[in-house]
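None of these values were measured; they are calculated from a predicted model. Naming convention: chains lettered A, B, ... in sequence-line order (proteins, then strands); numbering from 1 in each chain.
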Amino acid sequence: MGITSKKANKPWNTAWGVVAETVTTTDVTFTTSETDIVSVTFTAVTGRNYLVEAKAEVYSTALSDSANFKITDGSNTKLERTYSTSVLANTAQDLQVRLHEVIAAGSATRKLRGVRTVGTGTWHAGNNEIAFIRVTDIGPA
Amino acid sequence: MAVATNLVPSEAGSSWGMVAYVQSVGNISFTTETTILTLSYVSPGNRRYCIRTKAEIYSSAANNVITMKITDNSNTKLERAPIPMKVANTAYDCQMVYYETPSAGTITRKLRGVRTTGAGTCNAGDGEIAFIAVYDMGPA
């Protein structure tokens, strides 16, 4: 029996690993309107701990602008956020956000969203490099 | 007995934890692309892996940009993180994460750095822990 054929066996007291992800290499722009950067939908199981991780390269066209980057649910409700300040205009910098949560059973959507909070520049997220949002089962809750 | 044939069904559906780790507590200077750390691990195939890296980085000149990369053994970029160095000679934390499903065999991954903006001398490590860690994340 090959390893792949054993995929359905998931002992409850272990981590089950990656359950869903979206990886893109596109570039999304935004200013003061909160905008989706990347999203993922998966089926959550009751009583499990999940790690939601998102990453993108971001930059603003203007120096010293700031933006909030949020992990939200499918209704755009903020679950976690971080921020980025434009250290150098038009110069990409790495951005990562992580969230640990226990999610009600059923279909769940998680998004990485961005909105400019300070300044006048246009923010870019993605920069045509890898951007992702990934959901990992990290064990029983 | 090889890892792949030592499995029982209950193990194949879960994560197997850390499979490889390397760390250093030193400092490497660079301007052109340079290897900071290297490790290899063995994949039995059909498994998902998470590679995490960390290093403190800084440049001798303000407003430089250092781009750190996770590469394969041929130095082909798999993931990257550009970090602007606003302040000279001041360490910034750089962490990266990369997921992959490699073919069975020995897999080599490197943490590499390159100055992509500016004229300063760049450094990685800063005398603090720098590492590459590889985790088995479960079946592919």
Handout entry: Atom of A:Lys10, atom of B:Gly13 and distance for their closest heavy-atom approach
Key = CG-O, 3.7 Å
Practice task
To the nearest 0.5 angstrom, please state how far the OG atom of B:Ser14 sits from the CH2 atom of A:Trp16.
Solution key: 10.5 Å
Problem - Which atoms of A:Glu129 approach chain B - backbone, side chain, both or neither, heavy atom under 4.5 Å - result: side chain
Problem - Side chain to side chain, B:Met96 and A:Lys55, heavy atoms closer than 4.5 Å - result: no
Handout entry: Flag for A:Glu53-B:Tyr99: side-chain donor and acceptor within less than 3.5 Å
Key = yes
Completion exercise
So, the part of A:Tyr59 with a heavy atom under 4.5 Å from chain B: the answer is neither
Problem - 4.5 Å side-chain heavy-atom contact, B:Arg48 and A:Glu21 - result: yes
Handout entry: NZ-CG distance between B:Lys86 and A:Leu88, expressed to the nearest 0.5 angstrom
Key = 6.0 Å
Exercise for the section: Answer yes or no: does atom CZ of A:Arg81 have more than 12 heavy-atom neighbours from other residues, nucleotides or ligands under 6.0 Å? Expected result: no
Exercise for the section: Look at atom OH of B:Tyr21 and say whether more than 12 heavy atoms of other residues, nucleotides or ligands are closer to it than 6.0 Å. Expected result: yes
Problem - Euclidean distance, A:Asp94 CG relative to B:Glu79 CD, rounded to 0.5 Å - result: 7.0 Å
Handout entry: A:Leu63, CG: over 12 other non-hydrogen atoms inside 6.0 angstrom
Key = yes
Completion exercise
Of B:Lys77, B:Met85, B:Arg52, B:Gln95, the largest count of non-hydrogen pairs under 4.5 angstrom with chain A goes to B:Arg52
Problem - Options B:Pro84, B:Gly17, B:Cys50, ranked by heavy-atom pairs under 4.5 Å with chain A, top entry - result: B:Pro84
Exercise for the section: May I ask you to name which of B:Ser15, B:Cys94, B:Ala81 has the most heavy-atom pairs under 4.5 Å with chain A? Expected result: B:Ser15
